[in-house]
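Following: one structure in structure tokens, then a few remarks.
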Amino acid sequence: MISDCPRVRFAPSPTGYLHVGGLRTALYNYLFAKRNNGKFILRIEDTDRARFVEGAVENLISTLKWCGLDYDEGPAKGGEYGPYVQSERLAIYKEKCEELIAQKKAYYCFCTPERLTELRERQQKTTNQSKYDKHCLNLSKEEIADNLAKGLPYVVRLNVEPDVIIAFDDIVRGHVEFNSNTVDDQVLLKSDGYPTYHLANVIDDHMMKITHVIRGEEWLSSTPKHVLLYDFFGWEKPVFAHLPLLLNPDKSKLSKRQGDVAVEDYRTKGFLKEALLNFVALLGWNAGDDKEYFSLQEMVESFSLERVNKSGAVFNVEKLTWLNFEHLRNLPDAEVLQALRDALADSEFKDGVYTDEYLLHVITAMKERVSFIKEYIEKSPYFFKAPESFDADVIKKRWREDTPKHLAKLVENFSALVNPVKEDYEQALHKTAEELEIGNGKLIHTIRLSVSGMGVGPGLYDLLVILGKDEVISRINKAVQTIKIQ
RNA sequence: GGCGUGUUCGUCUAGUGGCUUAGGACGCCGCCCUCUCAAGGCGGAGAUCACGGGUUCAAAUCCCGUACACGCUACCA
């Protein structure tokens with residue numbers, strides 16, 4: 001049952017950048033919230049001071065914003081259940097922890113890291129497990145008070161009872177059970193006074209009234225600890241949904257070593273947010289039909305957790321590239337224009353002057369030939385500058401001894417044209433071919449080479465119209481000279 | 001090692017006992033279109049549904065076992 005107003009959260013740890021796996025988790029949370037008229041909350045899990053990265057939170061927020069995943073409550077925005085940054089909630093965790101201690105659901109532990117390491121090594125030799133031995137559970141009230149008074153460093157541990165079956169239902173996995181004997185007395189509060197993920201996450205999810213916990217599969221194994229915590233506190237549990245992992249081509253968990261994992265990396269490479277979101281959504285979910293191209297809004301309309309897969313998915317950049325091509329084609333020309341101007345400003349053509357009208361023509365001509373904005377420049381540099389060299393393979397294939405003579409005749413006929421449109425060029429070319437008694441192709445390919453330096457591109461007449469008569473003639477003349485002397 | 005989860009074309013997936021000679025998409029190959037390259041259209045190759053047992057008139061679909069992969073096994077999240 002989905003409550004009237006489901007509340008879900010994306011709770012990343014600010015370690016520097018937004019991982020694409022994190023993006024998918026954020027997206028599913030967002031889609032679920034929007035689909036069900038709920039709230040999407042952002043919470044920062046910065047309880048590990050050792051991994052604190054300067055500026056990571058800001059970066060996370062701006063990346064989420066770039067993607068268009070607006071949150072309803074969270075840092076820099078506020079909300080009824082704040083603060084939304086865990087390092088600002090330390091007093092809450094401490095207080096709740098003490099409640100647990102008073103009920104013997106948790107206990108102080110003064111064991112040194114040395115003893116813990118030694119214990120673990122010993123256990124590894126004798127038994128198959130490595131669990132804390134509850135040594136400090138047996139400390140007397142006096143010993144504890146004494147240790148505390150002495151200022152001995154301590155942690156607080158979860159007191160897990162043996163021989164209990166801990167079960168929960170997961171929307172994507174179904175019924176899952178664990179024997180408490182396999183659950184360790186997890187540290188809840190660290191010696192630096194910060195909570196661990198397990199404690200903070202449960203307290204915050206409860207206090208922030210989170211109804212559905214949608215997170216990665218790596219959390220499945222520690223969910224029994226969370227279930228125990230909810231029970232110990234006497235709180236109602238949220239619904240769990242553990243998402244399948246995103247994988248490298250070799251099926252291991254998606255990692256930096258085998259390619260790009262940061263959303264920023266893909267953004268830098270020129271992927272559109274629309275494509276990235278669409279692609280990442282399909283890694284583990286489908287609408288139940290053959291539809292593969294989605295806008296964010298369309299995803300919101302058809303998303304459901306019930307249709308999320310159980311198995312991990314390989315992050316396949318080729319399909320992402322195809323989706324980028326599809327989304328780029330559907331982007332309004334005005335947006336493409338702006339993006340192209342930005343790309344131009346960052347290219348060797350930054351000093352060139354091009355009118356909007358001109359660039360819009362280029363966009364129309366190249367639209368179905370590019371997967372990325374930058375390809376407008378890479379695949380058709382001739383729209384921004386006359387070619388300085390000519391493709392040798394094309395010369396070999398198309399350029400003949402009498403080509404200069406043919407082109408001279410063509411230039412003559414082109415010169416006579418006044419404000420030519422596509423059809424004028426076409427007629428002039430046909431006329432020239434007739435006069436020379438040669439096929440149109442002989443002219444077409446050599447002009448293309450002359451004006452673009454390449455053998456591939458948009459339809460020739462479109463090319464000529466865009467470049468303009470004077471430019472075309474000047475380029476042909478220059479090509480004839482250049483290629484002749486080679 | 002222990003615990004947990006998973007396993008359908010190279011990849012993403014459809015499939016919830018008969019409609020399946022396992023469907024679609026990306027990629028790949030070919031043909032058509034055509035001035036080139038794309039786009040588009042048509043077609044092709046590509047999956048003994050991990051393997052082995054069982055249940056059933058009937059299993060990719062249900063049950064059991066095995067294998068393999070992955071995750072967790074921290075005072076990291």
Side-chain angles (χ1 to χ4, degrees), chain A residues 11-15 45-51 86 109 111 113 116-117 120 124 127-131 153-157 170 172-174 176-179 181-184 186-198 200-201 215-224 242 244-245 247 249-253 279 282-293 309-323 325 329 365-370 379-380 394 397-398 426 429 439-449 452 454-461 463:
Chain A
S13 148
T15 50
E45 312 235 328
D46 59 343
T47 55
D48 184 1
R49 288 182 307 167
R51 292 213 294 173
Q86 292 187 327
C109 171
C111 290
L116 261 18
T117 309
R120 209 168 295 139
Q124 238 138 43
T127 70
N128 285 326
Q129 291 205 33
S130 88
K131 273 174 64 185
Y154 68 90
V155 299
V156 175
R157 286 181 182 274
D170 186 288
V172 347
R173 316 267 150 194
V176 185
E177 286 187 357
F178 289 82
N179 186 312
N181 294 342
T182 66
V183 180
D184 200 5
Q186 182 66 47
V187 169
L188 262 21
L189 205 62
K190 299 183 263 186
S191 58
D192 62 4
Y194 279 68
T196 55
Y197 170 84
H198 309 286
N201 139 266
R215 72 220 315 185
E217 195 197 329
E218 65 267 32
W219 295 111
L220 193 61
S221 298
S222 39
T223 304
H242 287 95
L245 261 17
L247 274 23
D250 72 352
K251 306 269 187 184
S252 56
K253 187 173 163 181
F279 174 66
L282 259 18
L283 258 22
W285 170 82
N286 72 83
D289 52 29
D290 287 340
K291 190 171 164 66
E292 301 233 56
Y293 178 93
N309 284 157
K310 295 169 171 48
S311 49
V314 174
F315 193 94
N316 178 218
V317 183
E318 284 182 344
K319 188 149 186 178
L320 170 59
T321 300
W322 169 71
L323 276 170
F325 167 70
R329 291 176 82 171
M366 292 299 292
K367 203 157 206 170
E368 61 201 22
R369 288 163 238 266
V370 299
K379 288 193 167 179
S380 55
V394 182
K397 192 171 174 196
R398 312 281 191 192
E426 193 168 356
L429 187 137
N440 295 331
K442 282 232 186 263
L443 258 18
I444 287 170
H445 296 293
T446 49
I447 312 175
R448 173 186 299 287
L449 179 64
S452 76
M454 299 181 177
V456 300
L460 180 73
Y461 306 113
L463 195 52

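Here is the naming used below: chain letters follow the sequence lines, and residue numbers restart at 1 for every chain.
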*With the side chain of Leu220(A) defined as its heavy atoms from C-beta on, choose the nearest nucleotide among C26(B), C12(B), G4(B).*
G4(B)

*Asn309(A) side chain, from C-beta outward: closest of A14(B), A74(B), C75(B)*: A14(B)

Distance, [atom1] atom - from [M] to [N], rounded to whole angstrom:
N: A45(B); M: G10(B); atom1: C1'; result: 13 Å
N: G65(B); M: G71(B); atom1: C1'; result: 23 Å
N: G18(B); M: G27(B); atom1: P; result: 33 Å
N: C9(B); M: C49(B); atom1: C1'; result: 10 Å
N: A58(B); M: U21(B); atom1: P; result: 16 Å
N: U8(B); M: G24(B); atom1: C1'; result: 13 Å
N: G46(B); M: G6(B); atom1: P; result: 31 Å
N: U55(B); M: U61(B); atom1: P; result: 15 Å

Using OP1 and OP2 only, check whether a side-chain N or O of [X] sits under 4.0 Å from [N].
X: Thr196(A); N: A74(B); answer: no
X: Lys190(A); N: C76(B); answer: yes
X: Asn179(A); N: G2(B); answer: no
X: Thr321(A); N: G27(B); answer: no
X: Lys253(A); N: C72(B); answer: yes
X: Arg157(A); N: A74(B); answer: no

*Determine the minimum heavy-atom distance between Leu283(A) and Phe315(A), stating which atoms define it.*
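Closest heavy-atom pair between Leu283(A) and Phe315(A): CD2-CD1, 3.8 Å.
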
Could a donor-acceptor pair under 3.5 angstrom be found where the side chain of [X] meets the base of [N]?
X: Ser221(A); N: G71(B); value: yes
X: Lys367(A); N: A39(B); value: no
X: Thr182(A); N: C3(B); value: no

Considering every strand and a 4.0 Å limit on heavy-atom distances, what is the contact class for [X]: base, sugar-phosphate, or nothing?
X: Asn286(A); answer: sugar-phosphate
X: Gly284(A); answer: sugar-phosphate
X: Gly455(A); answer: base

*Closest nucleotide of RNA chain B for Tyr461(A) versus for Gly312(A): which of these residues is on the 5' side?*
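This one resolves to Gly312(A).
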
*Does the side chain of Arg369(A) come within less than 4.5 Å of Pro458(A)'s, by heavy atoms?*
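The answer is yes; the side chains approach within 4.5 Å.
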
*Would you say the side-chain atoms of Arg173(A) pair up with the backbone N or O of Lys310(A), donor to acceptor, closer than 3.5 Å?*
yes

